[in-house]
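Just so you know, these numbers use all the heavy atoms, side chains as well, and skip hydrogens, waters and symmetry mates. Fair warning: this is a prediction, and the values are worked out from it, not measured in the lab. Count residues from 1 along the sequence.
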Amino acid sequence: MDPFQYYRHLRNTRRYVEDHLTEGIRLADVANEVGLSPAHYSGFFHKATGVRFSAWLRHQRIDRAKQLLRECDQPNYQIAIDVGFRSLSAFERAF
């Protein structure tokens with residue numbers, strides 16, 4: 001994979017996640033977005049970042065939740081939903 005394509009895949013991953021953070025994002029969704037099979041994308045992402053996609057996605061959601069907790073007065077359960085966690089308990093476990 002040439003360097004341009006490599007960085008384009010990572011940039012498109014970040015953009016897709018930012019645009020769909022409140023949704024149930026699956027690795028297959030992102031793989032499709034960058035034009036790779038889920039298996040190929042999973043290996044690519046892990047090799048490129050050193051972490052699995054699911055761990056990286058959870059980290060992105062937690063970072064966004066921290067920002068919302070500092071900036072707004074919404075209840076925790078609403079913030080959990082707003083950043084894509086399916087329940088308050090899943091949100092709490094992630095922290």
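- Note that CG of D19 and CZ of R15 are 8.0 Å apart. Values are rounded to the nearest 0.5 Å.
- R14 is not listed as a side-chain neighbour of V17, based on a closest heavy-atom distance of 4.5 Å or more.
- Here R26 contributes atom CZ and F53 contributes atom CZ; the two are 11.0 Å apart, rounded to the nearest 0.5 Å.
- Rounding to the nearest 0.5 Å gives a distance of 13.0 Å between CZ of F85 and OG1 of T22.
- The CD1 atom of I62 sits 11.0 Å away from the CG atom of L69 when rounded to the nearest 0.5 Å.
- The two residues F91 and N76 make their nearest non-hydrogen contact at CE2-O, 4.0 Å.
- Ring centroids of H40 and F44 are separated by 6.0 Å or more, keeping the two rings apart.
- Rounding to the nearest 0.5 Å gives a distance of 11.0 Å between CD of E18 and OG1 of T13.
- Between H9 and V34, the shortest heavy-atom distance links the atoms CE1-O, 3.2 Å.
- Listed here is the closest heavy atom pair of C72 and I79: SG-CD1, 4.1 Å.
- Hydrophobic clustering (ILVMFWY, side-chain heavy atoms < 4.5 Å, transitive): I81 and V83 are in distinct clusters.
- Using a 4.5 Å cut-off on side-chain heavy atoms (C-beta onward), L27 and L57 make no contact.
- In terms of heavy-atom proximity, A80 sits nearest to S87 at CB-O, 4.3 Å.
- Side chains of H46 and W56 form no contact here, defined as non-hydrogen atoms less than 4.5 Å apart.
- By the neighbour-count criterion of 12 heavy atoms within 6.0 Å, atom CZ of R52 is sparsely surrounded, having that number or fewer from other residues, nucleotides or ligands.
- Atom CG of L21 and atom OH of Y16 lie 11.5 Å apart (nearest 0.5 Å).
- Between R61 and I25 the shortest side-chain heavy-atom distance falls below 4.5 Å.
- Residues V51 and F45 share a closest heavy-atom pair of O-CD2, 3.5 Å.
- Here the closest non-hydrogen pair linking G24 and D29 is O-OD2, 3.7 Å.
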